[in-house]
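In this text, all values refer to a predicted model and were calculated from it rather than measured experimentally. Order of the sequence lines sets the chain letters (A, B, ...), proteins ahead of strands, with each chain counted from 1. No hydrogens, no waters, no symmetry mates; every other heavy atom, side chains included, goes into these values.
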2 protein chains.
Amino acid sequence: MNMMTVTRKIPEHQAVYERVRDMILLGMFSPGEALTIQGLASRLEVGVTPVREAIRRLTAEQALETLGNRRVAVPEMTAGRLEEIYFLRMHVEPELTQRAAKNISSQQVVDLREIDRQIDEAIALGDPEAYLERNNLFHFTIYRLAGSAILFRTVQSLWVQAGPALRVVCGRYGTANLPDKHSTLMDALERGDGPAAAQSLREDLEQGLDLVRESIRVD
Amino acid sequence: MNMMTVTRKIPEHQAVYERVRDMILLGMFSPGEALTIQGLASRLEVGVTPVREAIRRLTAEQALETLGNRRVAVPEMTAGRLEEIYFLRMHVEPELTQRAAKNISSQQVVDLREIDRQIDEAIALGDPEAYLERNNLFHFTIYRLAGSAILFRTVQSLWVQAGPALRVVCGRYGTANLPDKHSTLMDALERGDGPAAAQSLREDLEQGLDLVRESIRVD
DNA sequence: TTCCGGAATTTTTGATCAAAAGTTTGACAA
DNA sequence: TTGTCAAACTTTTGATCAAAAATTCCGGAA
């Protein structure tokens, strides 16, 4: 048995997985960009073995696609892929939000409002990096409160898949007209009104979808 | 360029991944059972490296869970997990079925009817292995026709997660009262009636869910 | 020029080894 | 008997190497 609650040192492959996933999530690779194991290994200054394992996880999550010839790449966003991703998001994320509304504390609402303030700040400053990072934190803070591990990880995978395309949108149109349905969402969460929270989220998603759709059409 | 369509030799880690996934899918491990990399490697008569990569993919798909202490195990089925899995299945699988209804050919309907006959045979013979294998083939043959890669892989992951619990159900109650909503489903597919096909599938899923719910409650 | 073929280079893949981490066993004390 | 502790054993992990596979590069033919 293990008496103390020890801070377990996480394995390198796990750390590498998280780093690369966050890099994809924040759009640090362009859609279509090919990744090499060795390239990542030298870039991240780690051995090649942990990178291999991280890559396998990311391909399993469809964050990367295998190119047949033993290579992996960030998938190109197509209209079909986009619709599939948002089909799922549109079903799962409102549900998670609704579940979160049952569990949220008033302190957590305060914290969320602070994160939302930082989002608005990032939009005002035109800082897409910060926007994506804070927006991600905002939503996943809520989703974690739902206490639904399987739905949570499914949504995580969907965000990673959408990440590169989202980044392109921000780069192309700037942060000026990015959606902010967050205040009505938080009002609903504060009252513990699950259905209303879910509805706000649907609208938030719909807005995001429209932006990406537009950006796809242009290509 | 590559003129000929060559039969590319798949890497070992890919083959191992598929083998272990199918083993989980067919319930060859019990819920809660711990798996070791070395154990799998010697059991499958392969090296340890490919097994490691396969394990990473399977944990990413939530087919296996990491036990904190660097070990992996087949997750125990809980009421909460079950509801989450079926929440997703209930949204995604009818959609895939509906999409498939648009694309299916009459020859493919004939093939499906043959698979369904084999399912009935397996039920009659009380052969859970064959039942699970053929039932899997039946549904995924349909899902593949939808031509929706992301939804397809999401459902694949959900089936692997449900696999061990399904196997327990078959083992406990036998194959006698297993659902067969397949004939109405195929009639709908044959007419290209997407909504009706989706509805049959919902009923099929509901029946399966009830069975597993029952088996969880007993534990 | 463009296209083809093959050498040179790079990358992936799987085995193997040593170190780190985790589990089991068994002796010994209470 | 029960509980504790350390030694023995097993497993995971990450680096490294050789072989296989893929890509790039380059010279020569059309």
Roughly how many Å is it from CD1 in A:I10 to P in D:dT12, rounded to a whole number? 18 Å

Any ion pair linking A:R99 and A:E95 (charged N to carboxylate O, less than 4.0 Å)? yes

Please give, in whole Å, the distance from C:dG14 C1' to B:H13 NE2? 10 Å

Base, sugar-phosphate, or nothing for A:E12, non-hydrogen atoms under 4.0 angstrom? sugar-phosphate

Geometric class of the B:F140/B:Y143 ring pair [parallel <30°, tilted 30-60°, perpendicular >60°]: perpendicular

Does OP1 or OP2 of C:dA21 have a side-chain N or O of A:K9 closer than 4.0 Å? yes

Here's one to test your reading of the geometry: is the NZ or CZ of A:R89 within 45 degrees of the ring axis of A:W159 and under 6.0 Å from its centre? yes

Side-chain N or O of B:N69 less than 4.0 angstrom from OP1 or OP2 on C:dT23? yes

At under 4.0 Å between heavy atoms, what does B:T49 touch on the DNA or RNA strands: base, sugar-phosphate, or nothing? base

Write down the distance between CD (B:Q38) and P (C:dT23), rounded to a whole number of angstrom. 14 Å

Using a heavy-atom cut-off of 4.0 Å across all strands, would you classify A:V46 as base, sugar-phosphate, or nothing? nothing

So, do B:H13 and B:Y17 have ring centers that fall under 6.0 Å from each other? no

Looking at the base of D:dG14, is there any donor atom on it, or on the side chain of B:R52, that sits under 3.5 Å from an acceptor on the other one? yes

Select one nucleotide: of D:dA21, D:dT13, C:dA15, the one nearest the side-chain heavy atoms of B:R56. D:dT13

Between B:Q14 (CD) and D:dA20 (C1'), how many Å, whole number? 17 Å

